[in-house]
There are 2 protein chains.
Amino acid sequence: MKEVEQLLESKQIRITAMRLLIYKFLAEKEVAVTLSDIENAFAKADRTTLYRTVKTFEDKGIVHQIDDGTGITKYALCEKGCNCEIETDLHLHFHCNNCNETVCLTEHKIPQIKVPNGFVSENVNLVVKGICDKCSA
Amino acid sequence: MKEVEQLLESKQIRITAMRLLIYKFLAEKEVAVTLSDIENAFAKADRTTLYRTVKTFEDKGIVHQIDDGTGITKYALCEKGCNCEIETDLHLHFHCNNCNETVCLTEHKIPQIKVPNGFVSENVNLVVKGICDKCSA
DNA sequence: AAATTAAGTGCAATGGAAGTGCATTTTTAG
DNA sequence: CTAAAAATGCACTTCCATTGCACTTAATTT
Ligand SMILES: [Mn+2]
Ligand SMILES: [Mn+2]
Ligand SMILES: [Zn+2]
Ligand SMILES: [Zn+2]
């Protein structure tokens with residue numbers, strides 16, 4: 001647990017019980033989660049608090065948002081040294097049409113995309129949909 | 001106008017005044033439009049009608065939805081012979097962070113994306129964000 | 001330690017957009 | 001012309017993101 005507290009402090013995030021719990025929850029999940037997922041895991045806490053906690057994490061660069069096309073924002077912890085606040089998020093995301101879960105494929109970087117003359121690419125969002133490893137087994 | 005009516009008929013879409021107008025509106029726009037854009041252009045028509053008209057167009061394969069990450073669904077006419085109802089939509093979309101408009105880059109196909117073993121890719125959504133040609137000039 | 005200030009949390013409410021049920025109008029078919 | 005089918009309009013619902021404000025907890029200052 002000490003490591004988590006150190007991480008939060010290093011990112012200028014004050015430590016509270018709620019924040020430690022939410023961080024732990026995100027760390028245990030191997031998939032991206034919605035606000036409702038968090039809400040269900042912490043029935044006592046108010047949705048607003050969870051929302052703002054995740055937003056704080058995002059602002060401080062330890063969580064990134066994922067728009068997987070379902071219309072519901074998902075969140076996942078950043079990898080160590082991910083820097084997605086500064087550079088653009090480079091890895092791709094996979095959404096399973098069967099189990100409806102979304103995962104970060106952090107090892108799979110988004111290839112360079114060519115755009116027509118006059119266009120300037122600053123950022124790319126790439127979501128692959130299909131069947132995940134668990135569902136295809 | 002005759003061509004439009006023929007196109008609609010060939011796709012089993014009944015011709016109504018509203019549908020012709022909306023088709024014309026989409027055809028004139030060189031960018032993807034939101035439902036609100038259409039709503040503003042046809043103040044008299046009810047939002048539901050516009051919604052269902054566009055949905056009909058989509059079901060019949062003459063319009064495709066675009067999720068550009070703004071959280072608001074956008075629509076654009078399909079190219080001739082686009083077949084995005086059958087195969088997956090292959091071209092990429094560009095969203096301008098300056099003018100906030102989204103365009104189809106129909107000439108730019110989405111490259112083959114590698115996914116890890118066990119994952120099956122069925123569909124890819126690729127949105128590039130940056131500065132469009134008009135805004136960068 | 002007490003007082004002051006700032007930050008975090010909870011409750012209530014708002015707003016935007018997508019979507020649906022049903023009554024009414026318009027089109028099509030017999 | 002009449003009956004059936006499709007399209008349209010209105011009202012309403014749902015879902016999620018987001019905010020204002022009051023209250024509680026933690027951090028600073030005196
Ligand atoms: Mn990710
Ligand atoms: Mn397109
Ligand atoms: Zn799955
Ligand atoms: Zn632009």
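- In this structure, A:Leu50 atom CG and C:dC11 atom P are separated by 12 Å, rounded to whole Å.
- For the pair B:Ile38 CD1 and C:dA17 C1', the computed distance is 14 Å after rounding to whole Å.
- When each of C:dA17, D:dA7, D:dA17 is scored by its nearest atom to the side-chain atoms of B:Arg19, the top-ranked nucleotide is D:dA7.
- The residue A:Thr56 sits apart from the nucleic acid: no heavy atom pair falls under 4.0 Å.
- Across the protein-nucleic acid pair, A:Lys44 atom NZ and C:dG10 atom P stand 11 Å apart, rounded to whole Å.
- Listed candidates were D:dG9, D:dT8, D:dA17. Nearest to the side chain of B:Ala45 is D:dG9.
- The OH atom of A:Tyr51 sits 13 Å away from the C1' atom of C:dG15 (whole-angstrom rounding).
- Remark: P of C:dG8 and OH of A:Tyr23 are 18 Å apart, rounded to the nearest angstrom.
- Distances shown here put a side-chain N or O of A:Thr73 below 4.0 Å from the OP1 or OP2 atom of D:dA17.
- Backbone-only contact: B:Arg47 has heavy atoms under 4.0 Å from sugar-phosphate atoms and none from a base.
- The listed nucleotides are C:dA17, D:dA7, D:dT28; the one nearest the side chain of A:Arg14 is D:dT28.
- B:Glu58 has its CD atom 12 Å from the P atom of C:dA18, to the nearest Å.
- Between the side chain of A:Thr48 and the base of C:dC11 there is at least one donor-acceptor pair of N/O atoms closer than 3.5 Å.
- Between the side chains of B:Thr102 and B:His95, at least one donor N or O sits under 3.5 Å from an acceptor N or O.
- The CG atom of A:Leu20 sits 12 Å away from the P atom of D:dA26 (whole-angstrom rounding).
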Name every donor-acceptor pair, under 3.5 Å, that has one atom in a side chain of residues 125-137 of chain B and the other anywhere in the protein, sequence neighbours excluded.
residue  : atom : partner  : partner atom : Å
B:Asn125 : ND2  : B:Asp67  : O            : 3.4
B:Lys129 : NZ   : B:Asp68  : O            : 3.0
B:Lys134 : NZ   : B:Glu30  : OE2          : 3.1
B:Ser136 : OG   : A:Gly118 : O            : 2.5
B:Ser136 : OG   : B:Cys132 : O            : 3.3
B:Ser136 : OG   : B:Asp133 : O            : 3.4

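- At whole-Å resolution of the value, CG in A:Asp46 and P in D:dG20 are 16 Å apart.
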**Message:** Checking A:His108 against A:His93 for the ring-ring contact (aromatic ring centres under 6.0 Å, His included) test, could you report, in this order, the C-alpha distance in whole Å, the side-chain angles of both residues, the deciding distance, and whether it holds?
**Reply:** CA-CA 9 Å; A:His108 289 65; A:His93 294 116; over 10 Å; no
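- Distance from the side chain of B:Thr16 is smallest for D:dA7 among the nucleotides D:dA17, D:dA7, C:dT9.
- Aromatic rings from A:Phe57 and A:Tyr75 are positioned such that their centres are separated by 6.0 Å or more.
- Toward the 5′ end of DNA chain C lies the nearest nucleotide of B:Gly71, the other residue of the pair B:Lys55 and B:Gly71 mapping further downstream.
- Mapping B:Arg52 and A:Ser36 onto DNA chain D by nearest heavy atom places B:Arg52 at the nucleotide closer to the 5' end.
- If you check the side chains of A:Asp37 and A:Thr34, you find a donor sitting under 3.5 Å from an acceptor.
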